[in-house]
Amino acid sequence: MSTPDTAAPPANPAPNGPPAPPADPNAQPQQGQAEEQDEAAEEQDRPQDAWSSRRELADHAPPALRIGSGAGFGGALVTGDQHGVSGGRVAGDVIMGSKTEIWQLGPPAPHASGEVPAATLERLAESFVADEETFTALAERLREERVLVVRGAAFTGRRTAALMLLRRAGATSVRSLLRDRPPAELAAQLDAEQQRAEQGRAEDAPAAGPVGYVLCDLMADRTRPLREPHLLAVRDRLAAHDGYLVVTVGPTAVLEEVDPAGWQPPSVAEVLTAHLTAHLRATAPDPATREEYTGRESARLLALPAVTGFLARDHQLREAAAFAPALARHAAGGLAADELDAFSLGALESQVREWFEEDEAALPLRDKAFLISLAAFDGGPYALTAELSDRLYAELLRTQRPHAPADVPVFGTHIGKRLQLARAERRQAEEATEWGPVRQWVAAFRDDRAALVLLRELWTGHPSTRPALVRWLRALAEDGRPLVRTRAAATAAVLAHADLPSAMALLIEEWAASPRYRHRMVAASALALAHFVGAPNVPRVLDGWSQGEDRPMRWVAIRTHALIGPERPARTLRLLRTVVRKEYEESRREDPPAPLDEVMVEELAGAVELLLLSEAREKVLAELLASYEVDRPARDLTLAGFLRACRRGAEPRTGPETGLGPGPAEEQLLDEEHPSGWPPVLDWYREAAAGPATAWAAHGLTRLWRAALGDSLHSRDALEVLRLWVLAAAHRQDVEWALAALLPALVAEPEDALRLAHLLRTMPGEDGAPPPPVAARLLTVVPAAGHPVPQSR
């Protein structure tokens with residue numbers, strides 16, 4: 001759930017940061033409009049409570065960074081896989097660091113014309129795998145039509161398939177053609193190849209047989225499409241000279257009146273098995289038992305955890321082909337098991353580096369911006385990812401061409417082609433919103449490690465992108481959508497893990513020092529997520545901010561401690577007590593004493609509330625019981641936080657637009673954690689009172705209740721929470737039973753009984769109605785309360 005702050009329109013960031021760019025990079029708002037936006041934003045800029053911050057992190061953080069997921073970075077790990085090498089050595093085909101060794105599934109990229117060596121064709125044939133029926137049909141079509149256009153995605157084996165099609169069609173030799181010639185020059189290119197072949201052959205030497213030609217990755221775009229007349233001219237030349245031609249094109253190639261053959265690649269497992277079998281067959285120790293050895297060893301190797309893990313990931317065929325020799329060398333004792341385990345992640349890192357390379361085959365800048373946005377919004381709505389990727393594209397253009405206007409095309413690549421390029425998928429999923437879950441089309445990398453690896457590579461390997469990325473993330477922190485702000489925080493957390501000083505200086509510290517709560521909440525979320533994924537020294541940063549003089553940073557530290565506190569409850573509570581004492585001391589320094597900072601005190605109480613409602617609740621309760629009577633600040637902190645925790649789940653459930661209670665997203669959390677609709681603390685009391693081993697917790701909760709009811713500063717709030725619990729009991733009999741067991745335990749003195757009896761006799765019902773009948777029933781269990789309850793009419 002989000003407080004009304006989420007509905008605020010985007011506003012300019014804090015004065016100590018650069019202004020966020022407007023939606024139109026070439027248009028600036030009028031001064032009056034900007035001032036009105038600032039005023040409106042300030043009016044609606046209110047702190048969101050810690051519970052709602054936790055809810056947003058649970059709902060909107062990337063899957064690898066969600067609280068309790070167990071994923072993310074850890075030391076040298078990325079989601080459980082070794083990320084980098086901290087010792088030992090790396091050799092051979094393992095792809096790590098800056099070393100990239102890729103086995104090509106076909107001949108080298110055809111930058112020049114030449115004959116493909118026969119040995120290469122033989123080697124490819126040994127490990128080639130395809131659906132036999134489909135492949136035979138394509139070969140028959142090639143024999144009949146002489147020229148065949150094969151369309152398929154990059155790195156799906158289409159080049160190898162083209163060579164094997166020519167071989168199946170009967171070509172005795174294969175020549176590769178230049179790919180950068182215009183399609184209109186194809187026929188002339190074939191004529192030149194034929195003349196060169198005839199000049200190189202002796203006059204009395206007979207023709208060796210049909211000649212095959214392969215043209216891989218033909219460059220056919222809107223300015224020079226491949227048309228049917230081009231192929232008809234080529235077919236005539238091929239028929240005259242007894243030749244065949246296979247042209248491979250990508251999904252985005254522009255074809256006019258051309259019927260391409262769609263290439264359906266084999267599975268990664270099939271390619272790995274075929275290549276591994278070929279390697280094992282070639283290295284069999286005894287030729288007489290070669291087939292038996294190959295089958296037995298192949299089955300053993302394919303069952304290794306490193307192999308099953310590799311196959312479970314989204315790897316390309318070329319990566320499977322490169323993995324096979326590494327696996328064979330591992331079988332021969334030439335590659336250690338940890339190096340084999342590292343192969344999968346190394347292949348992913350190599351792919352990410354390839355995406356960001358600048359060469360003739362480099363991705364356009366807009367596609368790179370989409371990849372970065374997808375890494376930040378992995379698993380989020382596709383439309384949102386695409387929208388914000390164009391904002392990032394405009395920022396990257398500002399860095400690349402600072403004096404030129406940012407020209408963002410209105411229309412771009414089709415969603416399917418875009419996701420195929422990113423090795424991602426689109427699916428329908430439920431997304432949590434302020435108005436409840438809704439089904440949306442989401443986009444996610446098929447490899448769940450890709451987002452983390454991509455962001456790390458971007459931040460540390462391409463520092464020239466930092467100014468644009470920082471401006472983009474600052475704008476995301478201004479967004480009115482909780483998902484966007486949470487992903488800005490999650491992205492900053494990953495960057496902090498990769499380079500903590502830079503991420504702190506460029507992003508997190510600026511958000512933390514902002515006078516606006518929206519920025520501070522993003523800073524707190526970023527620090528909490530950074531801590532969860534293993535960024536160093538986050539607790540040290542928070543401890544310093546907690547006791548420093550900068551009040552906005554102190555607020556951020558308290559909120560972050562609330563989010564990460566369950567993993568170290570005793571230390572967190574000690575720090576919260578230190579901070580609340582500092583608040584009391586600062587208020588007494590004034591003459592006359594100044595009132596306490598209400599926002600800071602509420603934040604401290606909210607941190608205690610979140611700790612009491614966490615999985616570490618028993619440790620938290622024990623620590624509170626041992627320390628709350630030490631002094632007045634500690635007592636006020638404990639009782640205020642305890643009553644906030646008791647109130648959770650018992651408030652009137654109004655919508656997020658009123659700001660009076662939990663909205664649908666928060667209700668969902670309550671329903672998940674307490675399916676029967678119980679207030680969580682009352683449910684805890686019921687469970688604790690039922691067993692001897694936990695009876696101490698029930699007694700501790702009762703002790704805090706008595707302290708709150710008997711304290712002049714907290715008694716009013718305590719009675720209001722009890723009234724809410726009685727109203728909840730009016731709708732559920734089991735809540736009534738739990739409350740009936742609790743109320744007698746709250747009476748230690750005659751004044752306690754009088755106070756509870758007065759509440760039950762006089763409390764208003766829902767919407768100002770008379771007390772509900774359950775109040776009369778509960779009054780009977782309160783000792784020394786003999787006055788009847790007025791019956792409702």
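Computed from a predicted structure; not experimentally measured.
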> Please check if the number of heavy atoms outside E185 that lie under 6.0 Å from its CD is greater than 12.
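Yes, because the 6.0 Å sphere around CD of E185 holds more than 12 heavy atoms from other groups.
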> Please determine which of V150, L165, V147 meets the side chain to side chain contact (heavy atoms under 4.5 Å, CB included) test together with L142.
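Option passing the side chain to side chain contact (heavy atoms under 4.5 Å, CB included) with L142: L165.
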> Should we say atom CD of E133 is surrounded by more than 12 heavy atoms from elsewhere, each under 6.0 Å from it?
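No, not enclosed.
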> So does E425 pair up with R446, basic N to acidic O under 4.0 Å?
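A salt bridge is absent here (no side-chain N lies under 4.0 Å from a carboxylate O).
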> Nearest 0.5 Å, what's the CG-CG distance between L374 and D367?
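Answer rounded to 0.5 Å: 12.0 Å.
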> For A451 and A375, which heavy atoms make the closest approach, and how far apart are they?
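A451 and A375 have their closest heavy atoms at CB-O, 3.5 Å.
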> Rounded to the nearest 0.5 Å, what's the gap from CH2 on W355 to CD on E457? Could you check?
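Between W355 CH2 and E457 CD, I get 11.5 Å after rounding to 0.5 Å.
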> Less than 4.0 Å between a side-chain N and a carboxylate O, is that true for E144 and R141?
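Salt bridge between R141 and E144, a charged N being under 4.0 Å from a carboxylate O: no.
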> Just to verify, which of R449, R313, E319 counts as forming a side chain to side chain donor-acceptor pair (under 3.5 Å) with S344?
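The passing option is R449.
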> Any salt bridge between E395 and R398, counting N to O under 4.0 Å?
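Salt bridge between E395 and R398, a charged N being under 4.0 Å from a carboxylate O: yes.
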> Before you tell me yes or no, could you show the steps for L371 and L363 under side-chain contact (heavy atoms from CB on, under 4.5 Å), namely the whole-Å CA-CA distance, both residues' side-chain angles and the distance that decides it to 0.1 Å?
CA-CA 10 Å; L371 286 168; L363 295 177; 3.6 Å; yes
> Could you walk me through whether Q351 and Q316 pass the side-chain hydrogen bond (donor to acceptor under 3.5 Å, both in side chains) test, one step at a time?
CA-CA 10 Å; Q351 170 67 88; Q316 295 174 336; 3.1 Å; yes
> Do the non-hydrogen side-chain atoms of L469 and L495 ever get within less than 4.5 Å of each other?
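Of all side-chain heavy-atom pairs linking L495 with L469, at least one is under 4.5 Å.
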> Apply side-chain contact (heavy atoms from CB on, under 4.5 Å) to residues V453 and D447 and explain how you reach the verdict.
CA-CA 10 Å; V453 173; D447 191 325; over 6 Å; no
> Check for a donor-acceptor pair, side chain of R158 on one end and backbone N or O of T248 on the other, with a separation under 3.5 Å.
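Checking the backbone N and O of T248 against the side chain of R158, no donor-acceptor pair under 3.5 Å is found.
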> What is the distance from atom CG of L276 to atom CZ of F323, rounded to the nearest 0.5 Å?
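Reported value, rounded in 0.5 Å steps: 9.0 Å.
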> Between A261 and L138, which heavy-atom pair has the shortest distance, and what is it?
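Here A261 and L138 meet closest at CB-CD2, 3.5 Å.
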> Does R418 make a cation-pi contact with F370, if we ask for NZ or CZ under 6.0 Å from the ring centre and within 45° of the axis?
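Flagged: R418 positioned over aromatic ring of F370.
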> Do you know which two heavy atoms are closest between T252 and R151, and how far apart they sit?
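Smallest interatomic distance, heavy atoms only, reads N-NH1, 4.3 Å.
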> Q264 vs D131, test: side-chain contact (heavy atoms from CB on, under 4.5 Å). Steps then yes/no.
CA-CA 9 Å; Q264 296 298 325; D131 179 74; over 6 Å; no
> Hey, are the side chains of L272 and L302 touching, using non-hydrogen atoms and a 4.5 Å cut-off?
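Yes, close enough: below the 4.5 Å cut-off.
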> Using a 4.5 Å cut-off on heavy atoms from C-beta on, say whether the side chain of L348 contacts that of F445.
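In short, these two side chains do not touch, never coming nearer than 4.5 Å.
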> Just verifying a value: how many Å separate R146 CZ and L231 CG, rounded to the nearest 0.5 Å?
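Atom-to-atom, R146:CZ and L231:CG are 15.0 Å apart.
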> Do E354 and S350 have side-chain atoms, one donor and one acceptor, less than 3.5 Å apart?
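No, S350 and E354 have no side-chain donor paired with an acceptor closer than 3.5 Å.
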> Check this for me, if you would: do D217 and R159 make a salt bridge, where the nitrogen-to-carboxylate-oxygen distance has to be below 4.0 angstrom?
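Looking at D217 and R159, the cut-off is met.
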> For L335, does its backbone N or O pair with a side-chain atom of H330 as donor and acceptor, under 3.5 Å?
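Judged by distance alone, yes, a pair lies under 3.5 Å.
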> Thinking salt bridges, do R237 and D191 make one under a 4.0 Å N-O criterion?
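Yes, R237 and D191 are salt-bridged.
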> For the residue pair R143 and R168, establish whether any side-chain heavy-atom pair is separated by less than 4.5 Å.
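Yes, close enough: below the 4.5 Å cut-off.
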> With a sphere of 6.0 Å drawn around CD of E257, does it hold more than 12 non-hydrogen atoms of other residues, nucleotides or ligands?
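It does not: E257 CD has 12 such atoms or fewer within range.
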> Do you know which two heavy atoms are closest between A233 and A187, and how far apart they sit?
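Looking at all heavy atoms of both residues, the closest pair is CB-CB, 4.0 Å.
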> Distance-only, no hydrogens or angles: does the R423 side chain make a donor-acceptor pair with backbone N or O of D314 under 3.5 Å?
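At least one qualifying donor-acceptor pair exists.
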> Taking atom CZ of R487 and atom CG of L473, what is their separation to the nearest 0.5 Å?
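These two atoms lie 13.0 Å from each other.
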> Within the 4.5 Å heavy-atom criterion, are E228 and L255 side-chain neighbours or not?
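With C-beta onward as the side chain, the pair stays apart.
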> Answer yes or no: is there a side-chain heavy-atom contact under 4.5 Å between T385 and V442?
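Of all side-chain heavy-atom pairs linking V442 with T385, none is under 4.5 Å.
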> When you compare the side chain of F356 with that of K368, does any pair of heavy atoms fall below 4.5 Å?
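Yes. Closest side-chain heavy atoms under 4.5 Å.
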> Between L392 and S373, which heavy-atom pair has the shortest distance, and what is it?
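Looks like CD2-N, 4.4 Å.
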> State, yes or no, whether a side-chain contact exists between T465 and I372 at a heavy-atom distance under 4.5 Å.
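They are not in contact (no side-chain heavy atoms under 4.5 Å apart), so the answer is no.
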> How many angstroms lie between atom CD of E270 and atom CZ of F128, to the nearest 0.5 angstrom?
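Result: 11.0 Å between the selected atoms.
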> Donor-acceptor check, side chain of R222 to backbone of V254, threshold 3.5 angstrom: yes or no?
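No, because the side chain of R222 does not come within donor-acceptor range (under 3.5 Å) of the backbone of V254.
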> Would you check if the side chain of W263 reaches a backbone N or O of A161 as a donor-acceptor pair within less than 3.5 Å?
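No, because the side chain of W263 does not come within donor-acceptor range (under 3.5 Å) of the backbone of A161.
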> Would the distance check show the side chain of R456 and the main-chain N or O of V494 forming a donor-acceptor pair, the cut-off being under 3.5 Å?
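Pair absent, no side-chain N/O of R456 close to backbone of V494.
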> Is R481 salt-bridged to E387, cutoff N-O under 4.0 Å?
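Between E387 and R481 there is a salt bridge, with a charged N closer than 4.0 Å to a carboxylate O.
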> Could you go through L218 and V149, starting from their C-alpha distance and side-chain angles, then the distance that decides it, and tell me whether this counts as side-chain contact (heavy atoms from CB on, under 4.5 Å)?
CA-CA 10 Å; L218 174 68; V149 177; over 6 Å; no
> Can you see which heavy atom on Y213 is nearest to which on L238, and at what distance?
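The answer is CD1-CD2, 4.0 Å.
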